[in-house]
Amino acid sequence: MEYNPTEIEQKWRERWEKEGLYKKVKDTGKPKHYALTMYPYPSGDLHIGHWYAIAPSDAKARYMAMKGYNVFFPMGFDAFGLPAENVAIKNGIHPYKWTMKNIENMRLQLKSMGAMFDWDHEVVTCHPDYYKWTQWFFLKFLENGLAYRKNSPVDWCPTCNTTLAREQVWGEDRHCERCRTPVIKKSLDQWFFKVTKYAEELLDFSKIHWPERVVKMQEQWIGRSEGAEITFMSGQNDPMTVFTTRPDTLYGATFLVLAPEHPLVQKLTPPDHKEAVRGYVSEASRKTEIDRLTADREKSGVFTGAFALHPLTGERIPIWIADYVLMTYGTGAIMAVPAHDERDFAFAKKFGLYIKVVIAPPGYSGAPLQEAYPGQGEMVNSGPLNGVPSEKGKARIVEILADKGCGRASITYRLRDWLISRQRYWGAPIPIIYCAQCGTVPVPYDQLPVLLPEDAEFLPTGESPLKKHEGFLRAKCPKCNSDAHRETDTMDTFLCSSWYQYAYISPYFKDAPFSKAEAACWLPVDQYTGGIEHATMHLLYTRFFTKAMRDIGLVDFDEPVLNLYNQGIILGEDSEKMSKSRGNVVSPDDLVNEYGADAVRAYLMFIGPWDEGGPWNSRGIIGIQRFLQRTWNLVLEPAMAKGARPSSEETLELRKLAHKTVKKASGYMESFKFNTMLASLMEMNNYMYKAKSAEMAETDAWKEAIRHYILMLAPLVPHLTEELWERTGGKGSVHRQYWPVWDERLAAEDRVTFVVQVNGKLRDRLEVPAGIGQDEACELARNMDKVKSLVEGKEIVKTVFVPGKLLNIVLK
RNA sequence: GCGAGAGUGGCGGAACUGGCAGACGCGCUGGACUUAGGAUCCAGUGGGCAACCGUGGGGGUUCGACUCCCCCCUCUCGCACCA
């Protein structure tokens with residue numbers, strides 16, 4: 001009998017589908033488990049990276065099902081996005097057509113994996129019945145003050161003549177993904193979601209178990225800073241508020257710096273400085289991100305000619321503008337304390353500005369500083385606060401300012417509101433109508449979806465086809481019915497993925513984005529798996545969405561995903577990222593044809609720890625192929641007769657091995673350690689291969705071991721195990737069985753290899769019962785030849801005894 | 001610069017709360033069966049003739065360190081003028 005993966009894999013996939021083995025069922029008898037893996041973009045071809053992400057996720061979901069959970073494991077497609085539109089521009093194929101064709105193909109490829117997806121719950125985000133609800137969320141957010149429109153600078157590629165999504169701006173020098181041109185900033189009217197409203201709550205991870213790495217990245221991204229806002233008055237009585245984390249250094253503020261885009265710049269600047277200031281402002285606005293970075297952070301700026309009054313000393317301090325102050329952070333203005341801030345120090349040195357020490361560095365002599373001292377210390381040159389430790393000075397200064405009405409404690413976040421407008425065709429249209437009389441008017445809910453016109457023209461002008469599509473553009477104002485026009489921007493595809501896990505539970509639901517009854521049954525997601533690259537995008541947005549949905553009354557929990565696990569990245573054989581240009585791409589379809597899906601799945605899990613990723617090695621898969629063949633042989637091949645019945649020691653040893661393996665394998669499955677899980681099954685296989693005989697195969701111990709072996713392998717290798725299950729007379733599907741349970745007495749070690757050390761070095765080993773006592777072990781050890789010769793004539797200082805592990809004889 | 005993670009045979013990787021370093025697999029060596037083997041099976045495989053030496057380097061704690069502490073080097077990822 002030959003193991004023929006192609007034949008059995010197809011047979012079982014067909015049968016599972018026919019029998020609806022993986023369909024989501026309401027089953028009140030079992031606890032629910034919502035397992036989710038990040039859905040793919042339908043690029044047209046499922047690559048090995050998809051397999052690497054999805055197959056282990058499926059194995060875990062299958063394991064949970066065997067552990068007695070009612071598991072739901074859906075799959076769908078993140079179907080909006082730029083590649084489809086680029087194809088349309090280049091080849092004239094409509095994005096819908098291209099996307100749907102790709103989905104057809106990828107669905108088949110996904111099915112070849114043999115995963116337990118419930119395809120009845122597939123969602124495709126570019127389906128009008130899906131994006132209708134994406135638009136509905138936009139309107140709900142608008143209604144609840146979570147969406148707004150403002151003029152804002154966005155990343156623009158001057159060669160492609162279009163704005164770029166964040167994920168299309170690549171590399172440290174921030175260049176366009178397609179043509180490598182450095183991006184520039186361009187101001188446009190844009191829609192935003194108020195993520196910042198939830199900044200504080202998004203920092204609370206107490207209700208979820210996510211990898212520390214992701215938590216840290218989100219914390220850093222949100223960037224909470226505690227400090228104070230301090231208002232300075234200009235000579236003309238214009239208030240300017242700055243944000244600082246070091247109010248204790250206020251006495252050392254010797255100038256102010258505004259961002260070039262700061263709204264007060266024009267007003268403050270006296271006529272004799274207008275030209276210089278205007279020149280600097282326009283230069284700063286023309287600068288690309290690359291310029292700012294390659295300038296080696298050399299400070300630049302100009303004096304505005306204006307002065308401000310120090311709120312405590314009343315001193316006149318100059319107001320400068322410089323591009324190292326960002327309009328997008330804090331208040332867009334800072335008080336510069338050159339003695340205690342590196343950037344301000346560099347700026348002051350370059351432009352010859354006054355540097356005033358107000359926190360004494362260790363061993364401070366009063367001499368001018370060679371570099372900024374950003375640490376803590378005793379306050380000096382600070383009027384009434386001299387001698388106070390700076391840690392305490394913070395609060396004191398804030399109190400003083402509050403009394404004077406020119407300052408208060410304040411918290412600033414680096415997180416910015418989410419820019420959702422995209423100047424593209426292939427996304428969900430923003431459901432807004434602009435009317436000359438009524439202004440910005442939301443499309444009424446009963447008119448959703450705002451459909452994408454099918455007859456759009458895709459031209460390489462960089463302009464969205466929607467802008468020129470009269471039929472789409474023209475609309476009646478929902479309020480006054482006069483002629484109006486539609487918003488032509490579409491929504492960031494991250495909106496689609498912010499709520500797809502909700503859509504899965506009741507796809508294309510008619511009356512709401514999802515069914516409330518199903519929601520009560522299935523939400524939130526219990527286990528999510530996917531790449532780390534979404535740490536501060538998708539994974540943050542979906543948390544925001546859930547909090548907003550909760551406040552709107554759609555759900556009654558705070559977090560969309562309770563447990564998260566990030567797999568690593570599978571690299572090419574040359575340890576480089578896989579790419580067509582490098583020619584190191586591994587095709588899963590070819591591998592499936594040659595080795596079968598089970599082997600590809602298992603090999604990807606065996607290659608190393610799942611969260612670490614690593615290089616593909618085309619030679620290694622042969623080891624898995626052999627292992628599966630040996631599994632086949634072990635279970636099905638008749639054994640040679642030995643003539644002798646196995647002894648009770650032999651069968652007991654086999655039982656012990658089986659139970660130990662169940663114990664180990666269970667732990668490995670719980671912690672996503674598929675590589676060591678497979679290793680322990682290989683050990684079991686190797687042992688049984690040798691122990692096998694016609695007589696042994698008749699024993700209950702053997703039958704139990706084989707049964708456990710097949711069950712443990714089932715989540716990783718679903719087709720082969722189903723075939724073996726059937727051929728060995730198993731009832732029903734192997735995937736409907738319970739995960740084996742181990743007997744702790746059998747799994748426990750009763751005989752151990754006891755290590756004998758002399759002076760900490762291994763000298764010999766003893767095969768003894770696990771419960772051996774110190775005296776007995778000592779006695780045995782001293783009589784060993786290797787120990788004897790070393791101990792002879794020496795004084796024993798002490799002996800260290802670790803029960804069940806080792807004995808260490810320490811000599812003088 | 002800040003934050004996180006990682007350095008173990010020829011290769012991918014094991015090693016629980018400090019206790020047999022190298023499980024498992026690839027590759028390699030030898031053998032068996034074969035007309036044949038890139039099939040299968042069996043045996044071996046960190047280095048060194050040996051005492052011994054070996055987990056990026058250097059110190060330390062300990063009876064005992066891949067594991068804990070200090071310093072340093074290299075690599076990967078994230079952030080990066082965030083006041």
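Sequence lines set the chain letters: A, B, ... in the order given, protein chains first and strands last, and positions in each chain run from 1.
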Value in whole Å for how far the P atom of B:rA23 lies from NZ of A:K673: 19 Å
Would you call the rings of A:F351 and A:F347 parallel, tilted or perpendicular if under 30° counts as parallel and over 60° as perpendicular? tilted
The nucleotide from B:rA21, B:rA14, B:rA83 with an atom nearest the side chain of A:T676 is B:rA14
Whole angstroms only, please: what is the CD1-P distance between A:I569 and B:rG12? 18 Å
Checking all strands, does A:P609 fall into the base, sugar-phosphate, or nothing category for heavy-atom contacts under 4.0 angstrom? sugar-phosphate
Donor-acceptor pair under 3.5 Å: do we get one between A:E219's side chain and the base of B:rG3? no
B:rG18 C1' sits how many Å from A:L806 CG, rounded? 11 Å
Think A:K798 has a side-chain N or O under 4.0 angstrom from the OP1 or OP2 of B:rC63? yes
Given Watson-Crick and G-U pairs under 3.5 Å, RNA chain B in dot-bracket ([ ] crossing, | other strand) is (((((((..(((......[....)))((((((.......))))))((....))..(((((..]....))))))))))))....
Side chain A:Q220 and base B:rG78 donor-acceptor under 3.5 Å: yes
Euclidean distance, atom NZ of residue A:K394 to atom P of B:rA83 [Å, nearest integer]: 11 Å
Does A:T536 make a side-chain N or O approach to OP1 or OP2 of B:rG78 shorter than 4.0 Å? no
Nucleotide nearest A:R626 (side chain, heavy atoms from C-beta), chosen from B:rC26, B:rA43, B:rA14: B:rC26
Looking at A:Y3 and A:L720, would you say the former's side chain and the latter's main chain have a donor-acceptor pair under 3.5 Å? no
Could you check A:T536, A:V195, A:L203 and say which one makes a side-chain contact (heavy atoms from CB on, under 4.5 Å) with A:L415? A:V195
Classify the ring geometry of A:F232 against A:H310: parallel below 30°, tilted from 30° to 60°, perpendicular beyond 60°. perpendicular
Mutual orientation of the aromatic rings belonging to A:F494 and A:H538 [parallel < 30°, tilted 30-60°, perpendicular > 60°]: parallel
Donor + acceptor pair across side chains of A:S300, A:Y324 (<3.5 Å): no
Tell me if a side-chain donor or acceptor on A:Y373 pairs with a main-chain N or O of A:Q376 at a distance below 3.5 Å. yes
Which value, in whole Å, describes the distance between the P atoms of nucleotides B:rG3 and B:rC53? 39 Å
Is B:rG58 syn or is it anti, if syn means the base angle is within 90 degrees of 0? anti
